[in-house]
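Only one structure is covered here, and it is reproduced in the block below.
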Amino acid sequence: MDKLKSFLEKHFGHTAFKEGQREIIEAVIHGEDVFAMLATGSGKSLCYQLPALWKKGTAVIVSPLLSLMENQVQELKQNGIRQVAAYNSFLRPQEKEHILRHLADYKIVYISPESLQHPEFASRLEKLDVSLLAVDEAHCISQWGHEFRTDYLRIKEIRRLAGNPPCIALTATASADAKEDIIEKLELTNPLIHCDSVDRANIYIDVRKKKNEEEKRETLREECSRLPLPGMIYVNSRLKAEELAAFIREENGLKTSAYHGGMSNEDRRLVQQQFLSDEIDIICCTNAFGMGINKPNIRFVIHYHYSKDMESFMQEIGRAGRDGRQSLSLVLHDAADGMLPRRMLEHEFPSGEEIRMVSQDPDRPESTTSRFLMEKYGVEEVHARFLQFYIHKWQQTARTQTLEDFISSVVQRRMEWKLQKLNQKEYWLHQTGSCRRTALLKVFDEHNKNTVTPCCDVCGEYTMHVEHQRKMQEPELSWEERLKWILHQ
DNA sequence: CGAAGCCGTGTTAGCACGGCTTCGGTGCACTAAT
């Protein structure tokens with residue numbers, strides 16, 4: 001008899017494993033490290049949830065967003081799995097204390113990389129039997145860890161502290177570079193590597209060069225009146241998100257909302273919910289929108305501004321057509337578009353002046369907090385965290401280099417790396433000589449089997465039969481069906 | 001880089017203009033005041 005299968009049925013109600021799941025789960029149970037790139041909808045969470053319940057001890061799951069943790073905890077509790085908690089800043093001090101005190105009683109604890117660093121949490125881990133450490137949405141390690149959320153690069157230290165439990169990294173999209181980076185930053189040893197294809201055959205890839213913003217808007221208006229709905233539009237500033245949402249509302253009379261990080265939590269939650277339940281036709285957003293969104297029927301993703309690298313692009317277009325039906329990725333670009341991403345790239349790092357000021361101050365204490373750096377030198381929060389992280393890292397070296405040189409060389413190296421990624425993306429946009437899908441897949445170390453039709457604007461023009469599809473859309477759901485659908489979300 | 005917003009000026013009372021500065025994305029957690 002198959003113990004694992006009956007365990008699956010008993011706790012999760014599934015009668016069979018999906019492609020790839022079993023191999024990963026068995027590896028984790030046997031204490032191996034795993035790197036798994038699984039297509040959305042192929043049951044990523046189960047790969048750590050099942051081993052967490054199977055093994056004795058507590059599983060620690062690192063998750064990038066509080067909302068994602070909340071969803072997971074809720075879902076598990078609905079499945080009758082109750083020894084689950086999310087440890088984060090939503091909690092009141094008493095609740096935090098309660099979780100810490102009873103940590104060993106939980107089977108699964110969700111946590112952000114930041115909270116993982118809290119001394120009160122980390123010190124408990126030392127004494128705890130940690131069954132496994134899972135990093136969900138592991139591409140965040142290489143996408144955010146180096147500058148924006150440096151605590152992502154500190155996970156390995158906590159892992160050592162917890163007695164080196166088996167570690168599993170999970171993501172839906174990681175380029176070949178990112179995969180190497182993740183394995184290195186988590187110190188995975190001889191990991192089992194499982195990679196699904198990232199190719200999405202039902203997404204037609206279209207890139208169009210425009211003269212200026214006016215032409216972009218004109219195209220946007222046309223496409224929004226023709227394309228089947230719902231759809232998404234990505235832009236790179238909050239203001240533009242609001243502006244274009246208003247533009248489409250007026251010009252096309254479609255239900256359109258903006259979504260970006262500057263909106264209140266309630267507004268974001270509301271817009272997201274409305275979009276998920278088809279009350280909004282088009283969402284006009286910055287890169288704040290997307291992670292953890294699993295909406296099956298998104299028919300198009302338009303990039304009004306292009307994303308800063310190929311992997312972000314793949315993640316963004318991958319939100320279209322999850323139901324398998326024909327969908328579209330359309331990029332509109334003009335000559336002025338390269339400016340802003342370059343400015344933003346520079347702004348990501350502290351200035352040479354700031355680096356000098358901080359590294360040459362004789363009164364700077366050995367153990368510096370980011371708060372101290374903000375208050376004493378007036379650097380902004382993200383830069384302060386960046387500086388704090390690399391000061392700490394420098395202190396662990398033999399200090400053959402001055403601190404200033406050390407940090408400056410990190411900045412230079414990272415900036416060049418990111419610029420190269422941006423250039424790669426722009427090269428992809430401007431070239432019209434070879435298949436876009438082939439070039440896109442190459443970033444993920446995949447070969448294009450050249451079987452996809454319609455493929456891309458280089459391989460052959462294609463127009464979605466739009467008016468037809470709009471009429472063909474599913475009939476209005478009854479309120480009972482809608483309620484069922486919402487609850488299911 | 002380039003758009004938006006702010007400031008002082010200059011001529012004359014409400015506004016136009018040039019020059020200057022600022023800002024542009026992603027989220028965690030925490031603080032201090034209620």
#### Entry: Euclidean distance, atom OH of residue Tyr234(A) to atom P of dT26(B) [Å, nearest integer]
11 Å

### Query
Hey, does the side chain of Thr286(A) come within less than 4.0 Å of dT26(B)'s phosphate (OP1/OP2), counting only N and O?
yes

### Euclidean distance, atom CH2 of residue Trp144(A) to atom P of dG27(B) [Å, nearest integer]
6 Å

### Task
Considering only atom P, compute the distance from dG18(B) to dG14(B) and round it to an integer number of Å.
23 Å

### Message
Using the side-chain heavy atoms of Lys96(A), tell me which of these nucleotides is nearest: dG27(B), dT26(B), dC30(B).
### Response
dC30(B)

#### Entry: Proximal nucleotide (of dT26(B), dC28(B), dG24(B)) relative to the Ala288(A) side chain
dT26(B)

### Message
Classify Glu213(A) by what it touches in the nucleic acid, base, sugar-phosphate, or nothing, heavy-atom distance under 4.0 Å.
### Response
nothing

### Message
Taking any heavy-atom pair under 4.0 Å as a contact, classify Lys240(A): base, sugar-phosphate, or nothing.
### Response
nothing

### Query
Pro64(A) near the nucleic acid: base, sugar-phosphate alone, or nothing, with a heavy-atom cut-off under 4.0 Å?
sugar-phosphate

### Query
If you measure from the P atom in dA29(B) to the same atom in dC7(B), how many Å do you get, rounded?
37 Å

### Summary
Regarding the side chain of His118(A), the nearest nucleotide among dC28(B), dC30(B), dC1(B) is dC30(B)

### Message
Categorize Arg238(A) for me: base, sugar-phosphate, or nothing, with a 4.0 angstrom heavy-atom threshold over every strand shown.
### Response
sugar-phosphate

#### Entry: Verify stack between Phe148(A) ring and dT26(B) base, 5.5 Å, 30 degrees
yes

#### Entry: Atom-pair distance (CD on Glu137(A); P on dC28(B)), nearest Å
13 Å

### Nearest-Å distance once atom P is located in both dC17(B) and dA13(B)
16 Å

### Message
Under 4.0 Å between a side-chain nitrogen and a carboxylate oxygen: does that hold for Glu213(A) and Lys240(A)?
### Response
yes

### Task
May I ask you to verify if any side-chain N or O of Ser112(A) is less than 4.0 angstrom from the OP1 or OP2 atom of dG27(B)?
no

### Message
Please report the distance, rounded to the nearest Å, between CD in Glu381(A) and P in dG25(B).
### Response
16 Å

### Query
Quick one: Tyr152(A) OH to dG27(B) C1', roughly how many Å, whole number?
10 Å

### Query
Heavy atoms under 4.0 Å, any strand shown: does Asp151(A) hit a base, just sugar-phosphate, or nothing?
nothing

### Query
Closer than 4.0 Å, any side-chain N/O of Ser115(A) to the OP1 or OP2 of dC28(B)?
no

### Query
What is the pairing partner of dA4(B), taking Watson-Crick or G-U wobble pairs with both distances under 3.5 Å in any strand?
dT21(B)

### Task
Starting from the C-alpha separation in whole Å, work towards a yes-or-no answer on side chain to side chain donor-acceptor pair (under 3.5 Å) for His383(A) and Glu348(A).
CA-CA 8 Å; His383(A) 292 169; Glu348(A) 250 185 288; over 6 Å; no

### Query
Roughly how far, to the nearest 0.5 Å, is the OG1 atom of Thr286(A) from the CD atom of Glu242(A)?
10.0 Å

### Query
When rounded to the nearest Å, what value does the distance between P atoms of dT31(B) and dC23(B) take?
26 Å

### Query
What's the CG-P distance between Asp334(A) and dG2(B), to the nearest Å?
11 Å

#### Entry: dG27(B) versus dT21(B) - spacing of their P atoms, nearest Å
32 Å

### Query
Using the P atom in both, what is the distance from dG25(B) to dG5(B), to the nearest Å?
14 Å

### Identified pairing partner of dT26(B), criterion: Watson-Crick or G-U wobble below 3.5 Å
none

### Query
Considering every strand shown, what is the Watson-Crick or G-U wobble mate of dT31(B) when both distances are under 3.5 Å?
none

### Summary
Applying the 3.5 Å cut-off to both distances, the Watson-Crick or G-U partner of dA16(B) turns out to be dT9(B)

### Query
Any cation-pi pair here, Arg154(A) with Phe389(A), using under 6.0 Å and within 45°?
no

### Task
Remember a base hit wins even if backbone is also touched, and classify Glu348(A) as base, sugar-phosphate or nothing at under 4.0 Å, heavy atoms.
base

### Query
Should Arg268(A) be listed as having a side-chain N or O under 4.0 Å from OP1 or OP2 of dG27(B)?
yes

### Message
Looking only at the side chain of Met339(A) (C-beta and beyond, no hydrogens), which of the listed nucleotides dG2(B), dA29(B), dG24(B) gets closest?
### Response
dG2(B)

#### Entry: Spacing between Glu375(A) atom CD and dT31(B) atom P, to the nearest angstrom
11 Å

### Message
For the residue pair Lys425(A) and Phe313(A), would you count it as a cation-pi contact if the rule is NZ or CZ under 6.0 angstrom from the ring centre and within 45 degrees of the ring axis?
### Response
yes

### Query
Nearest to the side chain of Leu340(A) - dG24(B), dA29(B), dT26(B)?
dG24(B)

### Query
Given dC30(B), dG27(B), dG25(B), which nucleotide is nearest the side-chain atoms of Lys308(A)?
dG25(B)

#### Entry: Same-atom distance (C1') from dA33(B) to dC28(B), integer angstrom
22 Å

#### Entry: First of Lys418(A) and Tyr87(A) reached from the 5' end of DNA chain B, by closest nucleotide
Lys418(A)

### Message
I want to verify a distance call: between dG24(B), dG27(B), dT26(B), whose nearest atom is closest to the His260(A) side chain?
### Response
dT26(B)

#### Entry: Distance, P atom - from dT11(B) to dG19(B), rounded to whole angstrom
16 Å

### Query
Atom OH of Tyr306(A) and atom C1' of dG24(B): how far apart are they, to the nearest Å?
15 Å

### Message
salt bridge (Lys or Arg N to Asp or Glu O under 4.0 Å), that's the test. Do Glu311(A) and Lys421(A) meet it? Break it down for me.
### Response
CA-CA 9 Å; Glu311(A) 41 257 274; Lys421(A) 291 286 193 181; 3.6 Å; yes

### Query
Honestly, is Lys216(A) close enough over Tyr304(A), meaning NZ or CZ under 6.0 Å from the six-membered ring centre and within 45° of the axis?
yes

### Query
Can we say Glu97(A) and Arg101(A) salt-bridge, meaning some charged N sits less than 4.0 Å from an Asp/Glu carboxylate O?
yes

